[in-house]
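Before any comments, here is the structure.
Chain naming here is simple, since letters A, B, ... match the order of the sequence lines and numbering starts at 1 in each.
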There are 2 protein chains.
Amino acid sequence: MAIRKNKPIDLQADMKYLEDTMYVISGKWKMKIILALICGSKRYREIAKAVPNITFRMLSKELKQLEQNKLISRTVTMDNMIQYEITGYAQTLAPTIIEMIKWGKEHRENIKN
Amino acid sequence: MAIRKNKPIDLQADMKYLEDTMYVISGKWKMKIILALICGSKRYREIAKAVPNITFRMLSKELKQLEQNKLISRTVTMDNMIQYEITGYAQTLAPTIIEMIKWGKEHRENIKN
DNA sequence: CAGTATCCCTGTAGATACTG
DNA sequence: CAGTATCTACAGGGATACTG
C-alpha cells in the first residue's frame, strides 16, 4: 500500500485508483445494493425491501449498471424466477464496505453533531 | 462486524451506517482531499496541486464542509500561513481509503473494460 | 413478480473572472 | 498566497403511473 507513515510512494497513482473505486461505487445506491446482495438478497423485490427507500426506477437503473460493470449477475432460474447475485469481483468490495460500515458505526455520534 | 458468512446481525442498521459514511465521503473530491492531507499536504495550493483538476471553487467549498464535519482543521500559523490538517477523527478514515485504493489498484483492468 | 415510462427538480460541479 | 463571485450545465434522482 501507498499510504504508510506519511511516506506515499506515488500519490498521483493512488489518486487515480481512489477515483476508479469512487466511480464504481458512486451514487446513493450501489453500495447498499451490493450490501443487500452480500447479505443474501436475490430477488428484485427482496432487494427493494432490503434497501430502504429505493424506488423501482433507481433499483432497475443501478442493477443494470452493476451488471454492466460485472459486479452482479442476473439469471433466470429453471422455475422462471429472476435471480441476482454478486460476482466474485464484487465480493472483493466486501472489505471496503465493511470498513465503511465500521466507520459509520464508530462515528455516528460525531456525524450527528 | 455485521457481514460474516452471509449471517448479518442487523442489515437495516448496517445500511444506515453505510449511508452515514457515504454521506461524509460523498462527492467527487472529499476523499481525494483527505488523501492529500494524509499524505502530508498542508497548504491550500499544495492541496490544489495534489488533487488533480480540482478548481479553487470546489476546493474551498469542500474544505469548509470537511472543517464543519470536524474532519480537518484550519489554522493560521505564527508566521501567518494557513495550514490545513486532518483531525484524529479523519485519520480513522484511513483504513477505508486504503481499502478503496487497494480495490482500485487490483481491479483497474476490469474497470477499463 | 419484475420491471418501464414520463415528467420534473435540485444539487454538484465546471468555467471564468476577480480580490485582499 | 488563499481564496470569492457569477453564471451555467447537466446528471442523479424523486414522484407517480403504468405494463407484460
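- For the residue pair Ile47(B) and Ser41(B), the shortest heavy atom distance occurs at CG1-CB, 3.9 Å.
- Put simply, NZ on Lys64(B) is 8 Å from P on dG3(D), counting in whole angstrom units.
- As a whole-Å value, the separation of Ile33(B) CD1 from dG3(D) P is 12 Å.
- Judged by distance alone, the side chains of Tyr44(A) and Ser60(A) do bring a donor and an acceptor atom under 3.5 Å apart.
- OP1 or OP2 of dT4(C) lies within a sub-4.0 Å distance of a side-chain N or O belonging to Ser60(A).
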Shorter than 3.5 Å, N or O on both sides, protein versus nucleotides 14-17 of chain D: list them out with atom names.
unit_1: dG14(D); atom_1: OP1; unit_2: Lys28(A); atom_2: NZ; d: 2.5
unit_1: dG14(D); atom_1: OP2; unit_2: Trp29(A); atom_2: NE1; d: 3.4
unit_1: dG14(D); atom_1: N7; unit_2: Arg57(A); atom_2: NE; d: 3.4
unit_1: dG14(D); atom_1: O6; unit_2: Arg57(A); atom_2: NE; d: 3.0
unit_1: dG14(D); atom_1: O6; unit_2: Arg57(A); atom_2: NH2; d: 3.3

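- Following rounding to the nearest Å, Asn80(B) (CG) and dG3(D) (P) show an atom-to-atom distance of 12 Å.
- One interatomic measurement links the two molecules: OH of Tyr23(A) to P of dA13(C), which rounds to 15 Å at whole-angstrom precision.
- In this structure, Trp29(A) and Pro52(A) approach most closely via the heavy-atom pair CZ3-O, 3.5 Å.
- The two residues Ala48(A) and Ile54(A) have their closest heavy-atom pair at O-CG2, 3.9 Å.
- The two residues Thr87(B) and Ser73(B) have their closest heavy-atom pair at CG2-N, 4.2 Å.
- Contact annotation: Tyr84(A) side-chain N/O to dC1(C) OP1/OP2 distance is not under 4.0 Å.
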Test salt bridge (Lys or Arg N to Asp or Glu O under 4.0 Å) applied to Lys49(A) and Glu46(A), step by step: CA-CA 5 Å; Lys49(A) 267 174 207 157; Glu46(A) 233 182 316; over 6 Å; no
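- If you measure from atom CG of Leu59(B) to atom P of dT12(C), you get 17 Å, rounded to the nearest angstrom.
- Counting only Watson-Crick and G-U wobble pairs whose two key distances fall under 3.5 Å, DNA chain D forms stems of three or more stacked pairs at C:1-20 with D:1-20.
- The interatomic distance linking Glu62(B) (CD) with dG3(D) (C1') rounds to 15 Å, in whole Å.
- Nearest approach of Met15(A) to Ala50(B), heavy atoms of both residues: CE-O, 3.5 Å.
- Rounding to whole angstrom units, CE of residue Met22(A) and C1' of dA13(C) are separated by 14 Å.
- Of all the heavy atoms in Ile25(B) and Met22(A), the pair that sits closest is O-CE, 3.8 Å.
- A straight line from CD of Glu46(A) to P of dG3(C) spans 13 Å, rounded to a whole angstrom.
- The one candidate from Lys70(B), Lys42(B), Arg74(B) that meets the salt bridge (Lys or Arg N to Asp or Glu O under 4.0 Å) condition with Glu85(B) is Lys42(B).
- Each of Ser26(A) and Arg74(B) lies near DNA chain D, and the nucleotide nearest Arg74(B) is the one positioned closer to the 5' end.
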